[in-house]
Amino acid sequence: QVQLVQSGGGLVQAGDSLRLSCTTSELTLSSYAMAWFRQAPGNEREFVAALSWNARSTNYTDSVKGRFTISRDNAKNTVYLEMNSLKPEDTAVYYCAAVHGTTTLRMGFNHSQRTSYTYWGRGTQVTVSS
């Protein structure tokens, strides 16, 4: 099964910044819509951010708007989540996900649903201390 490879997690203090990366040697990510989800202990896995395959559209959950930025570098076949002004409530395991761009053209496609995505990373821990 195709796995997305994540890096960049760690332990930081509130107010600090962190950048997560997601890549793979098995897919050309420029053809895929990408997303980041996160799951904190005792919580459901929740949507964080999404980026269309052509990088013309982004979506963020309200709690991270203005602080997080999703982007891609096609030359490096890598997608990023830049996290600024981190808060303790951002502490979670973060997962990247991918779905082919053609799938996003179907009526009813929902970028914030876990079931919309075909490929997933293993997750990386982000811990923000107060």
Side-chain angles (χ1 to χ4, degrees):
Q1 184 175 43
V2 173
Q3 287 282 173
L4 306 181
V5 180
Q6 303 180 212
S7 62
L11 173 63
V12 298
Q13 297 182 28
D16 284 354
S17 298
L18 205 58
R19 187 178 73 167
L20 306 182
S21 299
C22 178
T23 190
T24 179
S25 62
E26 299 174 273
L27 304 173
T28 300
L29 295 183
S30 61
S31 297
Y32 289 77
M34 304 295 296
W36 291 92
F37 290 76
R38 66 187 181 187
Q39 187 167 22
N43 288 16
E44 296 181 354
R45 190 173 299 186
E46 66 172 348
F47 169 77
V48 177
L51 179 67
S52 62
W53 69 271
N54 57 11
R56 293 180 180 177
S57 178
T58 59
N59 287 279
Y60 300 92
T61 192
D62 286 345
S63 63
V64 308
K65 287 181 179 177
R67 299 189 298 121
F68 290 12
T69 302
I70 185 171
S71 63
R72 70 200 314 153
D73 185 339
N74 289 339
K76 297 181 178 180
N77 202 45
T78 301
V79 175
Y80 303 98
L81 183 68
E82 180 72 36
M83 304 182 292
N84 299 314
S85 301
L86 282 163
K87 304 174 180 179
E89 49 263 47
D90 294 318
T91 295
V93 176
Y94 284 70
Y95 300 87
C96 64
V99 62
H100 199 275
T102 57
T103 303
T104 70
L105 302 178
R106 299 174 182 173
M107 288 190 63
F109 179 82
N110 189 332
H111 61 265
S112 66
Q113 290 187 161
R114 292 180 296 175
T115 54
S116 295
Y117 296 89
T118 306
Y119 306 109
W120 290 84
R122 293 290 183 89
T124 187
Q125 179 71 48
V126 172
T127 302
V128 184
S129 63
S130 59

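By convention here, the first residue in the shown sequence is residue 1.
- There is no path of hydrophobic side-chain contacts, each under 4.5 Å, that joins L27 to Y80.
- Residues F47 and Y95 share a single hydrophobic cluster, defined by chaining ILVMFWY side chains whose heavy atoms lie under 4.5 Å apart.
- Between R72 and A55 the shortest heavy-atom distance is CD-CB, 3.9 Å.
- In this structure, R114 fails the cation-pi test against F37, since its NZ or CZ atom is not both closer than 6.0 Å to the six-membered ring centre and inside 45 degrees of the ring normal.
- Side-chain heavy atoms closer than 4.5 Å link hydrophobic residues (I, L, V, M, F, W, Y) into clusters, and following such links, even through other members, never connects F109 to V48.
- Looking at heavy atoms from C-beta onward, Y119 lies out of side-chain contact with M34 at the 4.5 angstrom threshold.
- Closest heavy-atom contact between A49 and Y60: CB-CD2, 3.6 Å.
- Using a 4.5 Å heavy-atom cutoff, the side chains of R67 and D90 are in contact.
- In this structure, I70 is not a member of the same hydrophobic cluster as V99, with clusters built from ILVMFWY side-chain heavy atoms closer than 4.5 Å.
- The side-chain hydrogen bond (donor to acceptor under 3.5 Å, both in side chains) pairs that include a residue from residues 10-33 are S17-N84, where partners are two or more places apart or lie in different chains.
- Side-chain contact check for L4 versus C22: some heavy-atom pair is nearer than 4.5 Å.
- Put simply, CG on N110 and CG on N59 are 9.5 Å apart, with the number rounded to the nearest 0.5 Å.
- A pairwise comparison of heavy atoms in S130 and A14 identifies CA-CB, 4.4 Å as the closest pair.
- R45 places no side-chain N or O within donor-acceptor distance of the main-chain N or O of V93, the cut-off being under 3.5 Å.
- Neither V79 nor W53 shares a network with the other; the hydrophobic side chains, linked directly or stepwise wherever heavy atoms of I, L, V, M, F, W or Y lie under 4.5 Å apart, form separate groups for each.
- Nearest heavy atoms, C96 versus Q6: N-OE1, 3.0 Å.
- A salt bridge links D62 to K65: one of the charged nitrogens lies within less than 4.0 Å of a carboxylate oxygen.
- Using modelled atom types, one side-chain atom of N77 and one backbone atom of L29 make a donor-acceptor pair closer than 3.5 Å.
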Legend entry - Step-by-step side chain to side chain contact (heavy atoms under 4.5 Å, CB included) determination, H100 to T118: CA-CA 8 Å; H100 199 275; T118 306; over 6 Å; no
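- Annotation for W120: atom CH2 counts as buried by contact number, over 12 foreign heavy atoms lying within 6.0 Å.
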Inset, instruction - Show your working on side chain to side chain contact (heavy atoms under 4.5 Å, CB included) between V5 and R122 and close with a plain yes or no. - result: CA-CA 7 Å; V5 180; R122 293 290 183 89; over 6 Å; no
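- Atom CH2 of W36 is separated from atom CG of L20 by 4.5 Å, given to the nearest 0.5 angstrom.
- Taking both residues in full, the closest heavy atoms of A92 and A40 are given as CB-N, 3.8 Å, listed atom of the first, atom of the second, then distance.
- For the atom pair T127 OG1 and L86 CG, the distance stands at 10.5 Å (nearest 0.5 Å).
- With rounding to the nearest 0.5 angstrom, the OG atom of S57 is 7.5 Å from the NE2 atom of H111.
- With a 4.5 Å cut-off on side-chain heavy atoms, V64 and R38 count as touching.
- A pairwise comparison of heavy atoms in T104 and A33 identifies CG2-CB, 3.7 Å as the closest pair.
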